[in-house]
Amino acid sequence: MGVPERLTVAVGLLDVRHEDRVLEIGCGRGVAAGLILEGLPSGAYVGLDRSEVAVAAASERNAEAVAAGRATFVHTALADADPDTLGRFDKILAVDVNAFWTGPAARELEVVTRLLHPSGSLVLCYVPPDPAQVAKVKGLLLTHLSDAGFIATATTHALADGASLLAVVGAVAQLPGD
């Protein structure tokens with residue numbers, strides 16, 4: 001079974017550089033992690049997931065990178081993640097993590113703000129099951145991110161199966177002198 005197109009597109013939007021520190025929220029079984037690690041020879045990857053089973057599967061799938069110290073998988077919900085332990089990241093990715101649009105996600109976005117390097121970017125990607133939901137999800141994401149102090153833009157990307165991938169890219173708003 002190949003890599004789902006939505007993950008390939010999402011990782012491409014992340015624009016990983018060789019030395020980046022990358023965090024994936026909701027890493028699942030580690031499929032996107034493998035794609036990210038291909039472009040991250042001297043950086044570091046951390047995957048978070050609230051499922052212990054998913055974290056174990058992701059660690060196994062990416063065992064070589066884990067053994068080399070290039071990848072770490074952590075069993076925790078984003079809202080419970082400790083920014084002081086995890087450190088700062090250049091890029092943060094979440095694919096189909098509903099917490100960001102189904103509610104205000106105030107706690108989650110507070111944690112993301114503390115995890116994201118001041119010049120870093122947050123990439124949220126969704127493939128709603130109903131194409132009519134794209135506009136709704138886009139509006140909610142942009143509102144929640146703005147309310148949390150992010151500047152964000154949204155784009156849609158047509159996938160081969162006819163679905164649309166919604167991508168929202170954000171950065172923490174910086175005031176002069178920050």
Q: Testing the basics here: between Ser164 and Pro128, what is the closest heavy-atom pair and its distance to 0.1 Å?
A: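 Looking at all heavy atoms of both residues, the closest pair is O-CD, 3.9 Å.
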Q: Say whether, by atom type as modelled, one donor and one acceptor occur between the side chain of Arg107 and the main chain of Ala79 under 3.5 angstrom.
A: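 Yes.
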Q: Decide if atom CZ of Arg17 counts as having more than 12 heavy atoms of other residues, nucleotides or ligands within a radius under 6.0 Å.
A: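 No, because the 6.0 Å sphere around CZ of Arg17 holds 12 heavy atoms or fewer from other groups.
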Q: Looking only at atom types and distance, does a side-chain atom of Asn62 sit under 3.5 Å from a main-chain N or O of Gly30, one as donor and one as acceptor?
A: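 Checked: pair present.
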Q: Establish whether Val46 and Val55 are linked, either directly or via other cluster members, by ILVMFWY side-chain heavy-atom contacts under 4.5 Å.
A: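 Cluster IDs for Val46 and Val55 differ.
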Q: Measuring from Ile92:CD1 to Leu122:CG, what's the distance to the nearest 0.5 Å?
A: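 Here the interatomic distance stands at 6.0 Å.
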Q: Are Leu7 and Leu14 connected, step by step, through hydrophobic side chains (Ile, Leu, Val, Met, Phe, Trp, Tyr) whose heavy atoms are closer than 4.5 Å?
A: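 Yes; Leu14 is reachable from Leu7 via cluster members.
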Q: May I ask you to check whether over 12 heavy atoms, not counting those of Glu110, lie within 6.0 Å of atom CD?
A: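 More than 12 heavy atoms, drawn from other residues, nucleotides or ligands, come within 6.0 Å of this atom.
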Q: Taking Arg114 first and then Asp84, would you say they form a salt bridge - that is, a charged N and a carboxylate O separated by under 4.0 Å?
A: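 Yes, this pair counts.
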Q: Provide the closest heavy-atom pair for Thr76 versus Ala81 in the form atom of the first, atom of the second, distance.
A: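 Minimum heavy-atom contact is OG1-N, 3.9 Å.
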Q: Under 3.5 Å, side chain of Ser146 to main-chain N/O of Leu142, donor-acceptor pair present?
A: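 A pair under 3.5 Å: no.
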Q: Decide yes or no for Leu116 and Phe150: does some side-chain heavy atom of the first lie under 4.5 Å from some side-chain heavy atom of the second?
A: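 Result yes, sub-4.5 Å side-chain heavy-atom pair found.
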Q: Please examine the side chains of Pro83 and Val111, heavy atoms only from C-beta on, and report whether any two atoms are closer than 4.5 Å.
A: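 Contact flag for Val111/Pro83 side chains = yes.
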Q: Is Glu60 atom CD crowded by more than 12 heavy atoms from other residues, nucleotides or ligands, each under 6.0 Å away?
A: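 Result for CD/Glu60: open.
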Q: With the side chain counted from C-beta on, respond yes when Leu141 and Leu166 share a heavy-atom pair under 4.5 Å apart, and no when they do not.
A: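 SC-SC contact between Leu141 and Leu166 confirmed.
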Q: Between Lys138 and Thr156, is there a side-chain heavy-atom distance shorter than 4.5 Å?
A: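 In short, these two side chains do not touch, never coming nearer than 4.5 Å.
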Q: Do Asp20 and Leu40 touch side chain to side chain, with heavy atoms closer than 4.5 Å?
A: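 Asp20 vs Leu40: side chains touch.
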Q: Would Leu145 and Leu124 satisfy side chain to side chain contact (heavy atoms under 4.5 Å, CB included), going step by step from the backbone distance to the final call?
A: CA-CA 11 Å; Leu145 287 169; Leu124 304 176; 4.1 Å; yes
Q: Between Phe89 and Val169, is there a shared hydrophobic cluster once you connect ILVMFWY residues whose side-chain heavy atoms come closer than 4.5 Å?
A: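 No.
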Q: About how many Å separate CG of Asp90 and CZ of Arg21, when rounded to the nearest 0.5 Å?
A: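 It comes to 8.0 Å.
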Q: Do any N or O atoms from the side chain of Asp96 and from the backbone of Val127 form a donor-acceptor pair under 3.5 angstrom?
A: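 At least one qualifying donor-acceptor pair exists.
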Q: Can you check whether Leu37's main-chain N or O pairs, donor with acceptor, with Arg70's side chain at less than 3.5 Å?
A: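 At least one qualifying donor-acceptor pair exists.
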Q: Evaluate the side-chain proximity of Cys125 to Val9: yes if any heavy-atom separation is below 4.5 Å, no if none is.
A: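 Of all side-chain heavy-atom pairs linking Cys125 with Val9, none is under 4.5 Å.
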Q: Step through the shown structure and confirm whether more than 12 heavy atoms of other residues, nucleotides or ligands are within 6.0 Å of CZ on Arg29.
A: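 No.
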Q: Write down the atom of His75, the atom of Arg50, and the distance for their closest heavy-atom approach.
A: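 The pair with the smallest heavy-atom distance is NE2-O, 3.0 Å.
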Q: Write down the atom of His18, the atom of Pro41, and the distance for their closest heavy-atom approach.
A: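 Minimum heavy-atom contact is ND1-CG, 2.9 Å.
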Q: Looking at Arg6 and Val95, would you say the former's side chain and the latter's main chain have a donor-acceptor pair under 3.5 Å?
A: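 Checked: no pair found.
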Q: Do Tyr126 and Leu48 sit in one hydrophobic cluster, given that two such residues count as connected whenever their side-chain heavy atoms are within less than 4.5 Å of each other, even indirectly?
A: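 Linked within one cluster.
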Q: Dump the intermediate steps for side chain to side chain contact (heavy atoms under 4.5 Å, CB included) on Ile25 and Glu108, then the final yes or no.
A: CA-CA 10 Å; Ile25 300 164; Glu108 290 83 357; over 6 Å; no
Q: What I'd like to find out is whether the side chain of Val16 reaches to under 4.5 Å of the side chain of Tyr45, using heavy atoms alone.
A: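 No, their side chains stay 4.5 Å or more apart.
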Q: Quick one: does Lys91's side chain have a donor or acceptor within less than 3.5 Å of a partner on Asp15's backbone?
A: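 A pair under 3.5 Å: yes.
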Q: Has the side chain of Glu5 got a donor or acceptor atom that lies under 3.5 Å from a matching backbone atom of Ala160?
A: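 Yes; at least one donor-acceptor contact below 3.5 Å.
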Q: Do Leu78 and Val97 come close enough that some side-chain heavy atom pair is under 4.5 Å?
A: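 Leu78 does not reach Val97 side chain to side chain.
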Q: I'd like to know if Leu159 and Val168 are part of one continuous hydrophobic network [Ile/Leu/Val/Met/Phe/Trp/Tyr, side-chain heavy atoms within less than 4.5 Å].
A: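 No: no chain of side-chain contacts under 4.5 Å links Val168 to Leu159.
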